[in-house]
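These notes are about the structure you will find just below.
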Amino acid sequence: MANPNIYDPPLAGVRILDLSRGPMTAVGRLLADLGASVTQVHLSGVTEEPDDRLAAGVGVDPDSVSIAINRHGLSSVVIDPSIPDDRRRWIHQLAGADILIEDTRPGSAAEKALAARDIHAEHPGLVILSLSDFGRETSYRGWHATTPVLHALTSELSRSGIPGREPLVPPAAQLPYHVAAAQAAVMTISVYLDRLRTGEGDLIDFSILDGAMQTLDPPHGTVGTASAGVALSAQRRDWNAERLRYPIIACKDGHVRICLLAKRQWHGMFEWMGRPEQFADPSFDRLRVRFGSPELLAAIGRFCAGQTRAELEVAGQRHGVPTAAVLTLAETLGTEQVMSRGYFHEVELAPGMSAPVPAGVVEIDGHRANALTRSDHEADRRPRHIDVAPLLAGRPRRNEGLPLEGLRVLDLGVIVVGSDTGRLFGDLGADVIKIENSAFPDGLRGSLTSVSPTYAAGHRNKRSIGIDLRIPRGRALAHHLVAMSDVVLTNFKPGVAESLGMDYQTLQEHNPGIVVVDSSAFGPTGPWAKRMGYGPLVRAAAGFTDLWVYPDEPESFCDTVTVYPDHVAARIGALGALALLLRRERTGTGGSASVAQSEVMLSHLAGEIAADVLARRGHEPSARAVHDAPWGLFPAAGEDTWLAVTVRDDADWGALCRSIDRPDLGADPQLGTRAGRDAHRGRIDEAVRAWTSQRRATEAMNLLQSAGVPAGAALHADDVARWDYYVQRRTFREELHPHADEPFTMENVQIHSDRIADPPLRQAPLLGEQTRDIAAELLGLDDTDIAELIATGVLEVPQSADRGRSEQPEPAGH
C-alpha cells in the first residue's frame, strides 16, 4: 500500500501543449491540478497575445482574474513557425506531447495556419482537443457565443427567472465555459487512456455549446426529483410552483431554504411545528396537497419568522427536515466548513497581487489535487512518462469503437450525480453494473416496474444487479465483484458507504487496484460533512442562491428549477476516476477521488471571489464596463419568447447597427466606444427591443449571427432537440423503452472525433434485471445458488408488481 503521506498526482507524466485563450483555459487548469505538465504556447500567426491585464496593471475584473487563475503556475513558450529554428522547436514540442489543446476560430487564418488535421496526420499518437463555440463540422461553425447566448441555446434561460419578465442569466460570468471545460477534460482523458492502449491518437471536435448543454442542466438528461414526471412541453418558468418545491423562508436574520419533498420530511416538519391541527389531515402526506396549500407555506413562514438561520438549521437537521441558510458569498467563505477544509489558498496572480484561489476541485487519496501551490521540489519528482497502458492494453474489447471498453465499473450512485457519473462510463464503453435493492432503490426510479425518461437517460448502458448490502452475505458478493472491477462510484452521505462496506479503505483490501469515487454535498470532512445534501440546499449554503436574483431585488431567488451543480460534479468525479486509472498504469495501485459539490460551485466563482478581495485590498477595479452594450435578453414576437443579444466590441456594434437598420446609432460619436455605449445603455436597449419585438426569436438570431453578432434564442426544453444545430450534431436520439409508456428523447453523441463511435443503445434496466446473468457470469453461481440467494433476500430480480418502497440513503445532490 502506498504511503499516505506521499501524494502522487494522477496525471503526472502527461505532457500537454495548450494553445487556448480565454475562459476555456479552464480545461488546462483542471488537468494541471491533477498533475499534468501543461505548457501554454503562444504560436505566432495562430494564437493571440495573452491578455495579461493584471500584470499590466489595467485593473481587476472577474474575467481577467479567472483567466489569470487558469494560467497560474503553468510554463509558457513563444514560438514563431516562420523562423526555421522555432519551426523545428515546434515540431519537437509536438513530437513530445501527449495532448494538444487548440481553439482557433473556424474558418479563420489561424485555423488554416495551425492545420490541426495535418498535425494529426503527422503525429498520429497525439490527442488533439479542438475547441470552438459551435463545432467545426456543421453549418453553424462560424457562429459566435457568449455566456448569455450559451445559456439561451442550452434552454437554461427558459427555466430561470420570473414569468413575464426577462429570463435571468445565472451568476458566475463564465459558468457555461467552466462546465463545458469539465466535459472536455473527461472526453480528452478518456481518449488519451485509449491511446495508451491502442497507440492511436484522435482529433476531438468539441463544441462549447454542446458541453454547456450536456453539463449545466440538460433538458433531455437526468432531472431532479422535483421535476420528474413533468412533460417537457410543460416545463416553463413557474416561479410560484418552484418556490413551493424548495421554499425559501424569511426569518429573523435572513432566509433559509427547506426541503419537504418526501413524506418523512413533512412528518418532521409537522412535529417541529408542534403538530398543528390545521395540517394534521393525512392528505398532507401527499406532495400535491402540500404544494396546493398556500396556507401551509404561510404557516411555515410564521413559524420561522422569529428564529435565526442558525437556530433553524440546527432544529431542521434534528427533525430530519433538510434546512440550509441562504448565505451571501462572503458569509459562505467565512463558514467553519470552508475554513476547515482549507479550500482556498493565497496565490500571487501578478506581481503584488495576491488573492485567495480554490485549491482544486477534487481530492485524490485525501490530498488536494492542486498545481497552484505545487513547489519546484515536487515538480522535480515527476514520474516517468508512459507510452502504453500495461494493465489495460490486453483487456478484451467489443470493438464498438469506444474508448473505455474492457473496464468494469460498479455503480452505487443515486439521483442525478450518481446516475450521470456511471452513465458517462457506460456511454464510453465500460461495463457498468448498478448495485441496488428494493429497500433502498435509486430515487430517480419512481417505480420498480417501469422506467421514466429521466431514469432511462441516466442509467442507459448499465446492467443492474439487486444485492442487499446490509446483509453480510450480500456484502461478500459485492466484494467479489469489486475484486474483478476497476472503479466503484458512490454519492451517499459521508459515513453510509463505510456502513455498507463499500468505502475505499475496505475495498482496497479486496482489490489493491480499485479506484473509488465519492461525491457529497460538502465533502467528507468538516462540520457540515454529514448534512443532508439536496442540490438547492447546497446552492443556498454555497452563496449561489443569493446571487441568482434580479439586480436590485435581493429576494427574487430564481435558482430552484435548475439541477446545477449535479451534472458538472459528475464530470469532475469521472475525471478523477479516469486520472487514477491512468496513474494505475504507472503504479499498479488504485486510489480514491472525493468531490464536494459545494466546492465545485465555488470554483466557478473563483474569478469573482478573487477580484472582490483584490478590490477590497486596494487594487484598482477595471475602468471598463463589465459588459459592452447591448448585453442581455430582449423580447421577441410571441408569448414568453426572448433573444440574447450581446455586443463584445466596436466591430460587433457596427454589425448590430447595420443589422437592425439603425445607421444613425452607428454614426453617433457618443456610441463609438465601449464607455460611451455603457453610458447610454438604456437608449441602446430601447432600440434593440423595438427591433427584436417585431421578429421571431430564431429569425432575429439568424440575422444577427450571419452578421457576426453573438445572439441566441432562449430555447424551451422541448425546442432543443428540433433545432437544426443539434440535429446536425446528432446530439439527441429517440428511444422506445419496453417498460415506458411512450417514446422519449435522450442525449446521443458524447465525443465527435475520427475514431470514437456514438454511445451504445443498451436501455436502462429494471432493478435486478440482470441479477441472474451477473451472478452466473461473474460470481460463478449456479441456478440453485442463485435461487436460494433470491429466496433469502440477498439477491433480487425484478418485481412483477410494485410492492412499494422504502426510502433510500440520502443522496448528495438532487
Side-chain angles (χ1 to χ4, degrees), residues 2 8-17 30-31 34-38 95-101 120 123-129 184-204 362 364-365 369 382-410 424-432 482-489 508 511-517 573-593 750-751 753-757:
D8 182 1
L11 294 186
V14 178
R15 301 167 301 196
I16 299 174
L17 300 177
L30 285 169
L31 301 179
L34 285 164
S37 174
V38 179
D98 301 299
I99 295 168
L100 172 68
I101 304 173
H120 180 43
H123 303 274
L126 187 65
V127 174
I128 301 175
L129 174 64
V186 169
M187 301 311 159
T188 301
I189 297 303
S190 67
V191 171
Y192 175 62
L193 183 60
D194 192 44
R195 177 256 184 190
L196 293 179
R197 301 169 69 188
T198 65
E200 295 184 64
D202 208 345
L203 195 159
I204 302 169
V362 63
I364 300 293
D365 301 334
R382 290 192 185 116
R384 64 184 175 85
H385 177 265
I386 60 172
D387 291 308
V388 296
L391 298 177
L392 290 177
R395 293 278 184 91
R397 303 175 72 111
R398 297 188 304 271
N399 296 318
E400 293 179 349
L402 299 166
L404 302 185
E405 291 181 31
L407 284 168
R408 179 170 295 122
V409 176
L410 302 184
L424 287 166
F425 280 93
D427 281 0
L428 298 177
D431 176 22
V432 180
V482 168
M484 58 185 77
S485 298
D486 301 287
V487 179
V488 174
L489 306 173
Q508 67 170 341
N511 180 353
I514 199 67
V515 168
V516 178
V517 178
L575 178 62
L578 290 167
L580 284 167
L581 289 171
L582 278 167
R583 189 182 72 178
R584 191 178 67 171
E585 297 299 324
R586 286 193 286 108
T587 66
T589 58
S592 65
Q750 299 295 300
I751 301 178
S753 76
D754 294 343
R755 296 184 57 241
I756 306 303

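For clarity, every value in this text was computed on a predicted model and none was experimentally measured.
Under a 3.5 Å cut-off, the side chain of Glu585 and the backbone N or O of Leu391 do form a donor-acceptor pair. In this structure, Arg408 contributes its side chain and Met484 its backbone to a donor-acceptor pair below 3.5 Å. A donor-acceptor pair under 3.5 Å is formed between the side chain of Asp202 and the backbone N or O of Asp754. Under a 3.5 Å cut-off, the side chain of Asn511 and the backbone N or O of Ser485 do form a donor-acceptor pair. The backbone N or O of Gly429 lies less than 3.5 Å from a partner atom in the side chain of Arg398, making a donor-acceptor pair. Looking at Arg195, its side chain does come within 3.5 Å of a backbone N or O of Gly125 through a donor-acceptor pair. Here the side chain of Ser190 pairs a donor or acceptor atom with the backbone of Met187 at under 3.5 angstrom. Counting only distance, with no hydrogens or angles, the side chain of Arg584 and the backbone of Gly513 share a donor-acceptor pair below 3.5 Å. Arg197 contributes a side-chain N or O that, together with a main-chain N or O of Pro403, makes up a donor-acceptor pair within less than 3.5 Å.
Across Val186, Leu11, Thr188, a single residue satisfies side-chain contact (heavy atoms from CB on, under 4.5 Å) together with Leu575, and that is Val186.
A salt bridge links Asp365 with Arg583: the closest approach of a Lys/Arg side-chain nitrogen to an acidic carboxylate oxygen falls below 4.0 angstrom. Remark: Arg15 engages Asp98 in a salt bridge, criterion side-chain N to carboxylate O under 4.0 Å.
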